[in-house]
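Below is one structure, written out as structure tokens; comments come after it.
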Protein chains: 2
Amino acid sequence: MRDVARLAGVSHQTVSRVLNGLPNVSDSVRERVERAVAQLGYRPNVSARALITKRTMTLGVVSVSTQQYGPAGTLTGISEAARRAGYFVSVTVLDAVDRQSMRSAIDHLLAAAVDGVIVIAPVGSVVEAVAGVARTVPLVMVEARDGEQSVAGIDQVGGARTATRHLLDLGHRTVAHVRGPINWFEADARVSGWLTELMAAHAPVPEVLVGDWSPRSGYEAGRRILERSDVTAVFAANDQMALGLLRAFEEAGRSVPGDISVVGFDDLPESEFFHPPLTTVRQDFAEVGRRCIAEIVARIDGTSPPSAGLIVPEMVVRDSTAAPR
Amino acid sequence: MRDVARLAGVSHQTVSRVLNGLPNVSDSVRERVERAVAQLGYRPNVSARALITKRTMTLGVVSVSTQQYGPAGTLTGISEAARRAGYFVSVTVLDAVDRQSMRSAIDHLLAAAVDGVIVIAPVGSVVEAVAGVARTVPLVMVEARDGEQSVAGIDQVGGARTATRHLLDLGHRTVAHVRGPINWFEADARVSGWLTELMAAHAPVPEVLVGDWSPRSGYEAGRRILERSDVTAVFAANDQMALGLLRAFEEAGRSVPGDISVVGFDDLPESEFFHPPLTTVRQDFAEVGRRCIAEIVARIDGTSPPSAGLIVPEMVVRDSTAAPR
DNA sequence: GCGGCCATTGTTAACGGTCACAACAGGCGC
DNA sequence: GCGCCTGTTGTGACCGTTAACAATGGCCGC
């Protein structure tokens, strides 16, 4: 910076002013400084700046396995929006979804002096691990349920209702459900949407099967569903589990949608090419990420966040659902 | 730090020594300082440290869509290994795979003064965008082909050979190939492995079909393959495209593996539950990530990297392949 | 023509660590 | 017993930037 100042024939403070776009700098000086910056290829030192401003311009992201479609999509949205807002993104992948591992991940980010933390781990068990942090630094939790640090969410309940209603409308007497793991917000919300719609239609409520999002757990749930002869429609809480169902039914010689209809949730890039192409509910994860950034930046700046409602998911009807015969 | 020093009754310099685990500190003093640190909940300021050491302890990662299975897995490995090595990971997702977008992403990371950059974008077109950077800061490129900044790679050629050989061994006269996008290292390497094995077996070499990794491109390639009546075996460069093939064949009433055998590459969590369960080649992406960290940390420290050979992928035989009839 | 105000620019002191070097003590060899 | 060396601790400067405040000059109003 000293070199730039010398080349432009001004003081280092004036250079700083130009760099930060402050007013009270004459146009001629501003231009001279900018030329000097370009000529020397000067880059401000973020550490020195952070040292005095107490802002690292870095956001921490803690995420469950980024191999999952949802978190990965959210991360993409976060990365893009953060960059546009001038922030860096420091990512830590959780090696397990529990308090211990959550604490250690957040601790790591706090050591980096991040200006805010975004948590992509919509699980009840981590909420308490996170609670203490929110007092230290702004914190946003994707899909969080309770008011506190909740934010950016998709209308899970609405999506689940639409999916269930779709099956009911086709004429199915009721709809079975393979839920995601206990304590996961999305899983709980989808159960509740499914339940609401069933009640509204005065349909009998079958026992809920519990999966863990994986195709294998869907497959296992499928095997158990086959033991009940009266099931004609299943709503799975995500597409991977829905795939497991398709596989289980296929193996048992049950036709989808001939004998059983299946609906998923997420709309993976793969889902359109399943056998049969899967009817599902599409979610805009990138938008979730963008909203996280908007929210946390607002909280850091102390401005009011752009209050946006829930993101509405979109039902995609393909070939895995039909009227019962 | 001043507070810690005062509480422990030593100078700030001694505190610094304890924090950095330097020798020449008596046990009693060390213990006193550590107690003071714990008592005050003191955390060193990374910016101040970086300002003088010129090391931010942050690694930059530029990745193509983290929604893809490979990059996501590599990122997980990177995140975990980096944390263990005491580094932070700053991630930027590429919005397009071209020079322009690559330059801007790397520029963003350089502004963060990262100590090194890892590029997960194994595409020829970005190599040149990256070339200049390597002089500024250590840079590691996943799966890179040419010696320069290459590193951590999976034996793509070997994997492709094994896949092709598997089909040949089953008795197929030859094997068709749906490759990944032109200029992608993995795609090129898999073509070359496939070709090598075909030549070794004196099998005729069918025209190569080009996909873009997506299920849809696989589906379209499948439609074209159906126009050639003599194809009995196809090797797809990834599982998503293989899924597209399965779909196309299914629609056309061709049985897999009865009429046509299909092999993929990657082993997605879903692949085991495809219709039929997909024979494929499993890759250990997390290991790729870990090696990236080992390599770049070594390069930063100026020590010699732990020279490890290529990672050997593993063939997983399921139900999508059989002898021709 | 002079005082006061505003816009522009410069000067100095932080921010919180580490580095270089000095100071001090104790043990050893001669 | 003296000097030297080694191991431990303290002192000041410095990293590169922004904050706070001082200084300068031009314009306006009276």
Side-chain angles (χ1 to χ4, degrees), chain A residues 1-37 40-58 86-88 110-115 136-137 300-302, chain B residues 1-38 40-58 86-88 110-115 136-137 300-301:
Chain A
M1 181 153 142
R2 205 185 41 213
D3 298 341
V4 173
R6 192 151 37 202
L7 181 57
V10 296
S11 74
H12 61 120
Q13 175 64 310
T14 300
V15 175
S16 170
R17 275 192 268 259
V18 171
L19 258 34
N20 292 298
L22 296 181
N24 299 347
V25 176
S26 71
D27 289 350
S28 71
V29 167
R30 165 163 282 124
E31 199 193 328
R32 239 174 34 236
V33 170
E34 273 161 359
R35 255 209 311 275
V37 166
L40 296 176
Y42 163 80
R43 277 231 177 84
N45 180 314
V46 284
S47 300
R49 178 176 287 176
L51 184 55
I52 187 132
T53 59
K54 315 217 170 294
R55 295 268 224 100
T56 53
M57 296 308 282
T58 299
Y87 279 89
F88 304 105
L110 253 33
V114 294
D115 294 336
T136 316
V137 55
I300 290 170
D301 294 342
Chain B
M1 180 153 143
R2 206 185 40 212
D3 299 341
V4 173
R6 192 151 38 202
L7 181 58
V10 296
S11 74
H12 61 123
Q13 175 63 314
T14 300
V15 175
S16 170
R17 275 193 269 261
V18 172
L19 258 34
N20 292 297
L22 296 182
N24 299 346
V25 177
S26 70
D27 290 349
S28 72
V29 168
R30 164 163 282 125
E31 199 193 331
R32 252 193 2 256
V33 170
E34 274 161 359
R35 257 209 309 274
V37 166
L40 297 177
Y42 164 80
R43 276 231 178 84
N45 180 315
V46 285
S47 300
R49 179 176 288 175
L51 185 55
I52 186 130
T53 58
K54 315 218 170 293
R55 294 268 225 100
T56 54
M57 296 307 282
T58 298
Y87 279 88
F88 304 105
L110 253 33
V114 294
D115 294 337
T136 317
V137 54
I300 290 170
D301 294 342

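Heavy atoms only: backbone and side chains are in, while hydrogens, waters and symmetry mates are out. Below, chains carry the letters A, B, ... as their sequence lines are ordered, and counting in each starts from 1.
The shortest side-chain heavy-atom distance between Ser28(A) and Glu31(A) does not fall under the 4.5 Å cut-off. Val37(A) places none of its side-chain heavy atoms less than 4.5 Å from the side chain of Glu34(A).
If you take CZ on Phe88(B) and OG1 on Thr56(A), they are separated by 10.0 Å, rounding to the nearest 0.5 Å. Distance check, rounded to the nearest 0.5 Å: NE2 of His12(A) to CZ of Arg17(A) gives 9.5 Å. The line from CG of Asp301(A) to CZ of Arg55(A) is 5.5 Å long, rounded to the nearest 0.5 Å. Leu19(A) contributes atom CG, which lies 10.5 Å from atom CZ of Arg30(A) (distance to the nearest 0.5 angstrom).
Across all strands, Thr14(A) comes closer than 4.0 Å only to sugar-phosphate atoms, never to a base (heavy-atom distances).
Arg32(B) places a side-chain N or O within donor-acceptor distance of the main-chain N or O of Ala8(B), the cut-off being under 3.5 Å.
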Hey, what are the protein-to-nucleotides 15-20 of chain D N/O distances that come in under 3.5 Å?
from: dC15(D); atom 1: O3'; to: Lys54(B); atom 2: NZ; distance (Å): 3.2
from: dT17(D); atom 1: OP1; to: Tyr42(A); atom 2: OH; distance (Å): 2.6
from: dT17(D); atom 1: OP1; to: Asn45(A); atom 2: N; distance (Å): 2.8
from: dT17(D); atom 1: OP2; to: Met1(A); atom 2: N; distance (Å): 3.4
from: dT17(D); atom 1: OP2; to: Tyr42(A); atom 2: OH; distance (Å): 3.4
from: dT18(D); atom 1: OP1; to: Asn20(A); atom 2: OD1; distance (Å): 3.4
from: dT18(D); atom 1: OP1; to: Asn20(A); atom 2: ND2; distance (Å): 2.9
from: dT18(D); atom 1: OP1; to: Arg49(A); atom 2: NE; distance (Å): 3.0
from: dT18(D); atom 1: OP1; to: Arg49(A); atom 2: NH2; distance (Å): 3.2
from: dT18(D); atom 1: OP2; to: Ser16(A); atom 2: OG; distance (Å): 2.4
from: dA19(D); atom 1: N7; to: Gln13(A); atom 2: NE2; distance (Å): 3.2
from: dA19(D); atom 1: N6; to: Gln13(A); atom 2: NE2; distance (Å): 3.2
from: dA20(D); atom 1: N6; to: Gln13(A); atom 2: NE2; distance (Å): 2.8

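Residues satisfying the side-chain contact (heavy atoms from CB on, under 4.5 Å) criterion with Asn45(A), sequence neighbours excluded, are Ser47(A), Ala48(A), Leu51(B).
Taking a heavy-atom distance under 4.0 Å as the criterion, the stretch of DNA chain C touched by chain B extends 5' to 3' from dG16(C) to dA20(C).
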